[in-house]
Amino acid sequence: MSNKYSPAEIEPKWQQIWEEQQLYRATEDPERPKWYALTMLPYPSGDLHTGHWYAYTPSDAGARYRRMNGYNVLFPIGFDAFGLPAENAAIKRGAHPVTWTYANIEQMRTQLRRMGAMWAWEHEAVSCDPEYYKWSQWFFRKFYDAGIAYREYAPVDFCPTCNTTLAREQVWGDDRHCERCGTPVIKKNLEQWKFRITSYADELIDMLNNIDWPERVKVMQTNWIGRSYGAEVTFRTEQGDALEIFTTRPDTLWGATFMVLAPEHPLVGSVTSDAQRAAVEAYQEQASRMDEIQRGAADKEKTGVFTGGYAINPVNDEQIPIWIADYVMMGYGTGAIMAVPAHDERDFAFATKYGLEIRRVITGPDGATGPLEAAYDSKDTGEMINSGPFDGTPVKGAVGKVTEWLEANELGRGAVNYRLRDWLISRQRMWGAPIPIVYCETCGVVPVPYEDLPVLLPDDAEFKPTGESPLKYHEGFRYVKCPTCGGDAERETDTMDTFMCSSWYQYAYISPYWKSGEPLKADDMPWEKEKGDYWLPVDQYTGGIEHATMHLLYTRFFTKALRDLGVVDFDEPMQRLFNQGMILGPDGEKMSKSRGNVINPDEVVDRYGADTVRGYLMFIGPWDQGGPWDPQAIEGVHRFLHRVWAVVTEDVQLEKPLLDAGSAVDAAQERALERKLHQTILKVTDDIENFRFNTAIAAMMEFNNTLYKARETGVVNTVIWNQAVRDLMLMMAPIFPHIADELWHRQGNTSSVHRQRWPIGDPEKAREEEIIVVVQINGKVRDKLAVAPGTPGEELERQALALSNIVKWMDGKQARKIIVVPDKLVNIVMG
RNA sequence: GCCGACGUGGCGGAACUGGCAGACGCGAUAGACUUAGGAUCUAUUACCGCAAGGUGUGGAGGUUCGAGUCCUCUCGUCGGCACCA
């Protein structure tokens, strides 16, 4: 047995032993509390990068910690295996995406094993496996039956590079670019499949209170859903048509001096006068073309056209002109607004530009009633004027009063609007789960019967460089018989958004490929129910913040939909969430091949071993903060492991030092070591519990330094010394699993360190015998006292005033005031 | 524009409910051991100062016996949203 720390030898050895012993196999055990630890599954790009290590190894440490605390832990892994890169690779090489994908998965499994993580491989699931996606299709079918999935012709976002439509969540930034490839999206009018996530808008916001998620994510989801309370009010056109508007400020109804319709609003045609028709149609035409490019940035100057028509304001029967303008969107509210230029910034700008009346109906903070320089939109300060029955009402609370009044007079009603749009799941790509729908000439839209699932992807798809989905021109796939009437029919050739597959993978892991080869039924369970009852929901989820309003929103929606279908009996898929930060290149920039700042984890593992890489990544700083990779700083963690190795392997062989066993000096040293040990256990426990790995490691380093310095003293090989070394191994086990198990065995243990219980820190034993109390004069430290903990204040004050330094600084003067905080300080306030 | 997070040594970062700012690590300096050292060990390392001492947590105020921590304003960096009525 080599006596040198050689990770290259011990790490593969232990990984093999753990696997042989099936140490991390997760099976239900009603005797023990369960802990489902989940980390966002990787896309099988074929290369596991430092970012994966940064996301996964701390998650693993957390899972291992739970395990040592008596939990039955499930820590699975799988692959989000559908998606564009496989298809692009296929186009480039003329091979089928399945070939490329599975080769990559094989490669990544090897790389994942090198982390030394406690992956429950027998729970692995791969989303592009037909036995997986048949369930994705089953869910679609269930959603279709429940009215959650529907098809709609509407303007949608389209990425010209990825050649597919996108969900609203997948369009990012001011330039509205594709989340995947960065290309600005364009608008297209298409018939697409959507999920009714908007029906869950309220729950998605309100139930954020029930889960332990980072505030950041909660805020982002809340803003994304964008709930606003207000009222719907019915105006009338001259022709007598009802013209519904939504407003958050019904209290300003008396200040409406014109109305604005979205150019696409259905009433535009009927309200437009003959004189204005040409101008209105030209504007509509221009707006629809604008749509193709983009409907403009927020700070774009407002444009619009008068329709020549008028509407009646129901609160005061006034006739007000109707305009159309592209700052009003058909997709939000009713696509029509009442414009109150005095109290809305946008309406103010529009009214100013086109010379429309600005009528003040709320006084300023100082009671001002004169003309306005800018829109005054406070909801708190001012009172209503020029508002008929409401004159003199304070604006604070006016919204509610006016809404009640509208309801009583049947002019309007309280209403809620959301920014959230339904989830567009159609993708014009081949490498995804086919949408199980058939279009029949006679029966129309026909869902594929449950027993016919899965709709398989053809394995002879032909990829053409046009980027168009091969499913479109694959005759065998496309032309089918209608499942209902047997007549000629065509398959839907769009596939599902891959976020659909990842919305339920936490359930797939429970019993992967369950009911393999069996025909499905509507009342099936997609996983083994008893297993699901045991493991679900996820206790701890970890992953990147970039999914805040995509995956993390979708999977919450999905779970609520499943609950309503009776598949699950809980509301939220993940109880706790932690978002790790991003690991950056040594230059502080995002790692990228083009920048040349990529750190290859395989190379670093070759050089230092997986334990060092794991520990270094966790030592960099707070896990949610991320930070740059420092090629020098990793040496520090590596040195630490060498020093631990030295403490455990060398010093147990040292000859007993000269000091007499049991001497007073030895006894004091033993007590000091025990104290430090318990302090360390308490600190490390608290830190790992809260994912503060950096300070946990620092505490272990400090403790090892203590042991290192004590190597040649009388404490070596005492009972407490052996306890200290043993507990250090236990504390290191979650973060440094290989060296911990190796040294654990070298101490004579035969069972794995990963089967042991986490050490328990005793606050009594951790208590200091003597503490330093600072003595300040006017808040500046002038001397210190060493006293027993709990020394009473009067005693501290007496001792402090007797210190020669303090006497000198007080210079014979009287203290004005003396503040004593026991165990902390004495502050003498002079003059 | 709105919302949110963050600004601490040369660097990554510590600091519980306000109570010794800089734990731990990197780097640096000096020394030891070495044929050698980019290995290891020992010591020092916030800044100014020979010292006594003084100054320091982006900046300016404030509360307090006492502020990195609380409050107000301000500057900077990053992230999200952006004509949402």
Side-chain angles (χ1 to χ4, degrees), chain A residues 172-174 176 214-224 226-228 230 245-249 252 259-260 262 295-302 325-329 331-340 344-347 349-350 377 417-421 545-546 548-549 582 588 615-616 619-622 624-640 642-643 646 683 686 692 694-705 708-709 772-784 815-821 823-830:
Chain A
W172 285 16
D174 338 331
R176 297 180 45 76
E215 210 46 43
R216 244 190 329 172
V217 176
K218 292 186 181 186
V219 167
M220 281 167 79
Q221 291 202 348
T222 304
N223 291 344
W224 183 260
R227 176 165 60 191
S228 48
I245 58 107
F246 174 76
T247 177
T248 55
R249 294 297 303 272
T252 63
M259 300 195 73
V260 185
R295 188 122 127 201
D299 50 0
K300 191 190 85 175
E301 189 171 349
K302 290 182 179 33
D326 64 5
Y327 81 90
V328 175
M329 309 288 154
Y332 184 81
T334 61
I337 62 158
M338 64 161 183
V340 184
D344 181 278
E345 202 185 313
R346 295 150 302 177
D347 299 342
F350 194 82
D377 58 8
N417 254 288
Y418 306 90
R419 218 184 67 93
L420 182 72
R421 305 295 157 83
I545 186 88
E546 66 275 13
T549 56
M582 201 196 290
Y616 170 61
F619 187 61
I620 289 177
D624 54 356
Q625 222 173 277
W629 176 283
D630 182 344
Q632 279 180 317
I634 191 174
E635 299 273 359
V637 176
H638 196 55
R639 261 172 234 164
F640 163 64
H642 273 284
R643 284 159 64 93
K683 169 82 177 147
D686 186 48
R692 288 189 302 255
N694 57 329
T695 46
I697 294 170
M700 289 190 264
M701 286 174 163
E702 210 177 318
F703 187 58
N704 191 57
N705 290 345
Y708 205 81
K709 282 193 187 110
I772 304 296
V773 168
V774 176
V775 184
Q776 299 177 327
I777 289 180
N778 289 335
K780 286 191 200 302
V781 180
R782 295 302 180 193
D783 211 335
K784 293 169 185 182
R816 186 157 64 87
K817 192 175 178 185
I818 298 179
I819 313 280
V820 184
V821 183
D823 293 355
K824 291 282 181 191
L825 54 67
V826 177
N827 187 12
I828 300 162
V829 186
M830 305 293 295

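Keep in mind that the numbers below use all heavy atoms, side chains included, and drop hydrogens, waters and symmetry copies. Chain letters run A, B, ... following the sequence lines, proteins first and then strands; every chain starts at 1.
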By side-chain hydrogen bond (donor to acceptor under 3.5 Å, both in side chains), Asp783(A) pairs with (sequence neighbours left out) Asn805(A)

Asp347(A) meets the salt bridge (Lys or Arg N to Asp or Glu O under 4.0 Å) criterion, sequence neighbours left out, with none

Margin query: If you go through the side-chain atoms of Lys302(A), does one of them form a donor-acceptor pair with the base of rC83(B) closer than 3.5 Å?
Written below: yes

- For rG25(B) versus rA14(B), give the span between their C1' atoms, rounded off to a whole number of Å. 11 Å

*With C1' as the reference atom in both, quote the distance from rG10(B) to rU44(B) in angstrom, rounded to an integer.*
16 Å

Across all chains, not counting sequence neighbours, the side-chain hydrogen bond (donor to acceptor under 3.5 Å, both in side chains) partners of Lys683(A) are Asp687(A)

| said: Regarding Arg782(A), tell me which of base, sugar-phosphate or nothing describes its non-hydrogen contacts under 4.0 Å with the strands shown. | reply: sugar-phosphate

Of the listed rG80(B), rC65(B), rC83(B), the closest approach to the Tyr327(A) side chain comes from rC83(B)

Considering only heavy side-chain atoms of Tyr708(A), the closest of rG4(B), rU40(B), rC81(B) is rU40(B)

Residues Arg692(A), Asp686(A): salt bridge by 4.0 Å N-O rule = yes

Taken in chain and number order and not counting sequence neighbours, the residues that satisfy salt bridge (Lys or Arg N to Asp or Glu O under 4.0 Å) with Arg419(A) are none

- Message: If I pick the P atom on rC16(B) and the same atom on rC6(B), what distance separates them, to the nearest angstrom?
- Response: 14 Å

Judged by nearest nucleotide, the residue sitting upstream toward the 5' end of RNA chain B, Gly226(A) or Gly626(A), is Gly626(A)

Notebook entry, point to check: What class does the angle between the rings of Tyr332(A) and Phe246(A) fall in, given that below 30° is parallel, 30 to 60° is tilted and above 60° is perpendicular?
Noted result: perpendicular

Got a list of protein N/O to nucleotides 14-20 of chain B N/O distances below 3.5 Å?
{"from": "rA14(B)", "atom 1": "OP1", "to": "Asn694(A)", "atom 2": "ND2", "distance (Å)": "3.1"}
{"from": "rC16(B)", "atom 1": "N4", "to": "Lys824(A)", "atom 2": "NZ", "distance (Å)": "3.1"}
{"from": "rC20(B)", "atom 1": "O2", "to": "Lys784(A)", "atom 2": "NZ", "distance (Å)": "2.8"}

Assert: residue with more 5' nearest nucleotide on RNA chain B, out of Gly627(A) and Thr549(A), is Gly627(A)

*asked:* At less than 4.0 Å, is any side-chain N or O atom of Arg176(A) found next to OP1 or OP2 of rA82(B)? Yes or no.
replied: no

Discussion item. Distance check, C1' atoms only: rU57(B) and rG13(B), in whole angstrom units.
Written reply: 13 Å

Salt bridge (Lys or Arg N to Asp or Glu O under 4.0 Å) filter on Asp823(A), not counting sequence neighbours, yields none

For Arg639(A), the salt bridge (Lys or Arg N to Asp or Glu O under 4.0 Å) test, sequence neighbours excluded, returns none

With sequence neighbours left out, the residues meeting side-chain hydrogen bond (donor to acceptor under 3.5 Å, both in side chains) with Trp224(A) are Glu169(A)

Can you give me the N/O atom pairs linking the protein to nucleotides 24-28 of chain B at distances under 3.5 Å, or say none if there are none?
{"from": "rG25(B)", "atom 1": "OP1", "to": "Asn705(A)", "atom 2": "ND2", "distance (Å)": "3.0"}
{"from": "rC26(B)", "atom 1": "OP1", "to": "Arg639(A)", "atom 2": "NH1", "distance (Å)": "2.5"}

Let me check something: any side-chain donor-acceptor pairs from residues 215-222 of chain A under 3.5 Å, sequence neighbours excluded? List them with distances.
{"from": "Lys218(A)", "atom 1": "NZ", "to": "Leu208(A)", "atom 2": "O", "distance (Å)": "2.9"}
{"from": "Lys218(A)", "atom 1": "NZ", "to": "Ile211(A)", "atom 2": "O", "distance (Å)": "2.9"}
{"from": "Gln221(A)", "atom 1": "OE1", "to": "Arg556(A)", "atom 2": "NH1", "distance (Å)": "2.7"}
{"from": "Gln221(A)", "atom 1": "NE2", "to": "Ala548(A)", "atom 2": "O", "distance (Å)": "2.8"}
{"from": "Gln221(A)", "atom 1": "NE2", "to": "Leu552(A)", "atom 2": "O", "distance (Å)": "3.4"}
{"from": "Thr222(A)", "atom 1": "OG1", "to": "Lys218(A)", "atom 2": "O", "distance (Å)": "2.6"}

Sequence neighbours excluded, the answer for side-chain hydrogen bond (donor to acceptor under 3.5 Å, both in side chains) partners of Asp344(A) is Arg346(A)

Taking pairs as Watson-Crick (N1-N3 plus N6-O4 or O6-N4) or G-U wobble (N1-O2 and O6-N3), each distance under 3.5 Å, the stems of three or more consecutive pairs with RNA chain B are B:1-7 with B:75-81, B:10-12 with B:24-26, B:27-32 with B:40-45, B:46-48 with B:53-55, B:58-62 with B:70-74

